[in-house]
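Input: a single structure, listed below in structure tokens.
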Amino acid sequence: MKMTFRWYGQDDPVTLTYIKQIPNVTGVVSAIYDIPVGEVWPLERIQELKEVVNQAGLELEVIESVPVHEDIKLKRGDYQRYIDNYKQTIKNLSKCGIKCICYNFMPVFDWTRSSIDHLLEDGSQALVYYKNEVDKLDPTKLTLPGWDASYSPEEITELIEAYQQLGEEGLWKNLQYFIEEIIPVASSCDVNMAIHPDDPPWSIFGIPRIVTNEENLDRFLSLYDDTHHGLTLCSGSLGCATFNDMPHLIRKYGKQKRIHFAHVRNIKILEDGSFEESAHYSSCGSLDMVEMMKAYIETGFDGYIRPDHGRMIWGETGKPGYGLYDRALGAMYLGGIIDALKGK
């Protein structure tokens with residue numbers, strides 16, 4: 001396993017210098033954040049990013065993420081041009097040594113939470129999802145870090161209505177078309193495409209979500225018979241639903257060699273199905289981190305792994321969920337589990 005760390009570029013308060021000091025972290029996962037969704041990532045921009053990371057003594061082999069334009073998901077407007085651009089971006093990333101691309105097919109909204117700075121009992125701040133609060137939110141006025149903020153309220157309303165009319169089966173059909181278009185290119189470039197599950201793994205605001213559970217993961221992988229067509233298995237996304245058994249999913253898809261990227265974090269599931277993001281330590285949440293890491297080791301997982309969201313602790317400020325301290329603690333905790341299980 002290659003331990004990595006999410007880095008949001010030169011404007012990230014968590015610098016490459018800090019990341020380099022975390023034991024056993026060999027690389028970062030990042031992206032180019034100022035290119036409009038759907039446009040080609042220029043080769044020179046990718047090279048510049050890679051050089052900055054390499055000069056800090058770290059690797060850049062994973063991109064998280066290359067966003068999928070809404071026209072592709074809805075299969076309307078300029079969808080074919082955007083797909084062709086996506087193919088070219090895969091080719092350009094491959095030329096720069098990128099081995100894995102994380103992406104998602106979530107309509108309109110990426111990960112969704114009701115609060116990004118909820119105060120926990122221990123004094124730390126965390127991302128939380130309280131169902132009663134989400135039900136009261138106005139999706140046209142909602143914004144969270146990392147979301148595409150270019151849409152107006154009117155455009156958000158139109159997109160929501162379009163997806164509601166499309167429905168789950170329509171979204172599956174459009175996802176299949178997209179996969180059939182891009183995976184041959186990725187395979188020829190030896191780039192692993194790793195879809196991120198929906199976060200949370202259920203419908204929000206009446207919009208369909210389809211990468212949510214074992215049945216749907218099976219259906220997704222059956223869309224194309226190529227190991228380059230795989231998963232970013234995120235314990236914090238799938239694991240916040242009690243119907244997803246994370247160790248089982250890891251063993252199942254790990255044996256199939258379809259897990260290319262592992263997001264590992266813990267969450268605390270509440271009685272009504274809401275959840276709070278917690279420290280990585282098993283007893284702090286609802287997931288058995290040791291059993292998950294055991295599953296990765298048993299299946300011979302040799303891909304990329306990273307500690308996912310962390311709390312804000314020790315007075316740190318910055319990008320919610322992506323501070324330095326708690327994620328660094330998570331990396332060390334996961335590394336300790338791996339060493340213990342391997343008998344080192």
Side-chain angles (χ1 to χ4, degrees), residues 1-6 22-25 111 113 118-130 196-197 199-201 212-214 217 231-255 259 261-314 316 320-344:
M1 280 178 266
K2 291 188 176 182
M3 186 67 70
T4 61
F5 211 77
R6 184 78 180 266
I22 306 170
N24 201 39
V25 171
W111 58 274
R113 299 291 184 271
H118 179 76
L119 188 65
L120 299 177
E121 290 183 2
D122 62 4
S124 63
Q125 293 181 321
L127 305 171
V128 299
Y129 183 103
Y130 295 149
H196 190 289
D199 186 4
T212 56
N213 55 35
E214 183 175 359
L217 291 174
L231 307 172
T232 294
L233 207 65
C234 178
S235 65
S237 301
L238 293 169
C240 65
T242 55
F243 52 74
N244 286 322
D245 181 337
M246 288 309 303
H248 166 70
L249 296 179
I250 294 167
R251 288 187 171 94
K252 178 175 181 174
Y253 301 117
K255 288 177 182 177
I259 303 174
F261 192 17
H263 287 186
V264 185
R265 59 181 163 92
N266 203 354
I267 44 87
K268 182 179 181 180
I269 302 174
L270 307 180
E271 288 186 4
D272 68 345
S274 300
F275 60 90
E276 299 171 347
E277 298 192 358
S278 67
H280 283 72
Y281 197 66
S282 290
S283 63
C284 292
S286 302
L287 304 183
D288 188 336
M289 308 298 281
V290 175
E291 191 62 26
M292 286 196 297
M293 298 313 300
K294 184 179 180 181
Y296 278 117
I297 292 171
E298 287 177 351
T299 55
F301 178 69
D302 60 358
Y304 304 92
I305 182 173
R306 72 170 177 84
D308 204 2
H309 298 173
R311 303 162 299 146
M312 284 298 183
I313 63 174
W314 304 336
E316 183 179 21
Y322 286 97
L324 171 65
Y325 305 142
D326 202 36
R327 287 190 297 150
L329 289 175
M332 293 303 297
Y333 176 57
L334 297 177
I337 294 173
I338 292 169
D339 277 358
L341 291 173
K342 289 185 173 181
K344 292 184 178 180

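In this text, all values refer to a predicted model and were calculated from it rather than measured experimentally.
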**Message:** Restricting to non-hydrogen atoms, name the atom on Ile269 and the atom on Phe275 that form the minimum distance, rounded to 0.1 Å.
**Reply:** CA-CB, 4.2 Å
**Prompt:** Is the number of heavy atoms from other residues, nucleotides or ligands under 6.0 Å of Lys268 NZ greater than 12?
**Reply:** no
**Item:** Nearest-0.5 Å distance that lies between atom CG in Leu238 and atom CG in Leu287
**Value:** 10.5 Å
**Prompt:** Between Ser282 and Met289, is there a donor-acceptor pair closer than 3.5 Å when you use the side chain of the first and the backbone of the second?
**Reply:** yes
**Where Ile259 and Gly254 come nearest, the two heavy atoms and their spacing** = CD1-N, 3.6 Å
**Asked** Is any side-chain heavy atom of Met3 less than 4.5 Å from a side-chain heavy atom of Pro307?
**Response** yes
**Request:** Answer whether the closest heavy-atom distance between the side chains of Leu231 and Leu249 falls below 4.5 Å.
**Result:** no
**Asked** With under 30° as parallel and over 60° as perpendicular, where do the rings of His118 and Tyr130 fit, or are they tilted in between?
**Response** perpendicular
**Asked** Do Pro320 and Leu127 have side-chain heavy atoms sitting under 4.5 Å apart?
**Response** yes
**Sidechain-backbone polar pair: Asn266 side chain, Ser278 backbone, donor-acceptor under 3.5 Å** = no
**Request:** Could you tell me whether a side-chain N or O of Asp288 sits under 3.5 Å from a main-chain N or O of Val290, the two making a donor and an acceptor?
**Result:** yes
**Thr4 side chain to Tyr304 backbone, donor-acceptor under 3.5 Å** = no
**Message:** Between Arg265 and Asp326, is there a side-chain heavy-atom distance shorter than 4.5 Å?
**Reply:** no
**Request:** To the nearest 0.5 Å, tell me how far Leu324 CG sits from Met312 CE.
**Result:** 9.5 Å
**Prompt:** Can you check side-chain contact (heavy atoms from CB on, under 4.5 Å) on Met293 and Ile305, steps first, answer last?
**Reply:** CA-CA 10 Å; Met293 298 313 300; Ile305 182 173; 3.5 Å; yes
**Request:** May I ask you to test the Leu233-Met246 pair for a side-chain heavy-atom distance under 4.5 Å?
**Result:** yes
**Prompt:** Under 3.5 Å, side chain of Glu276 to main-chain N/O of Ala126, donor-acceptor pair present?
**Reply:** no
**Request:** Report yes if some heavy atom in the side chain of Ile250 is under 4.5 Å from a heavy atom in the side chain of Phe301; otherwise report no.
**Result:** no
**Request:** Report yes or no: does His280 contribute a side-chain atom to a donor-acceptor pair with the main-chain N or O of Val264 at less than 3.5 Å?
**Result:** yes
**Message:** Within a 6.0 Å radius of atom CG on Asp272, are there more than 12 heavy atoms belonging to other residues, nucleotides or ligands?
**Reply:** yes
**Request:** Would you check if Met332 and Leu334 make a side-chain contact, meaning some heavy-atom pair closer than 4.5 Å?
**Result:** no
**Prompt:** In Å and rounded to the nearest 0.5 Å, what is the CG to CG distance from Asp339 to Asn24?
**Reply:** 7.0 Å
**Request:** Please round to the nearest 0.5 Å and tell me the distance separating atom CG of Leu270 and atom OH of Tyr129.
**Result:** 12.5 Å
**Atom CZ of Phe243: over 12 foreign heavy atoms under 6.0 Å** = yes
**Request:** Quick one: pull up CZ in Phe261 and SG in Cys234 and give me the separation to the nearest 0.5 Å.
**Result:** 9.5 Å
**Request:** Using the six-membered ring wherever Trp is involved, compare the ring planes of His309 and Tyr322 and label them parallel, tilted or perpendicular (cut-offs 30° and 60°).
**Result:** perpendicular
**Item:** Pairwise side-chain contact, Asp199 with Arg113, heavy-atom cut-off 4.5 Å (strictly under)
**Value:** yes
**Request:** Determine which pairs satisfy side-chain hydrogen bond (donor to acceptor under 3.5 Å, both in side chains) with at least one residue from residues 289-299, sequence neighbours left out, and list them in order.
**Result:** Arg251-Glu291, Arg251-Glu298
**Item:** Residues in salt bridge (Lys or Arg N to Asp or Glu O under 4.0 Å) contact with Asp122, at least two apart in sequence or another chain
**Value:** Arg311
**Prompt:** Does the Ser237 side chain pair with the main chain of Pro200, one donor and one acceptor, at a distance under 3.5 Å?
**Reply:** no
**Item:** Minimal non-hydrogen separation, Tyr325 against Ile313, with atom names
**Value:** CD1-O, 3.6 Å
**Request:** Kindly compute the distance separating OH (Tyr333) from SG (Cys284), expressed to the nearest 0.5 Å.
**Result:** 8.0 Å
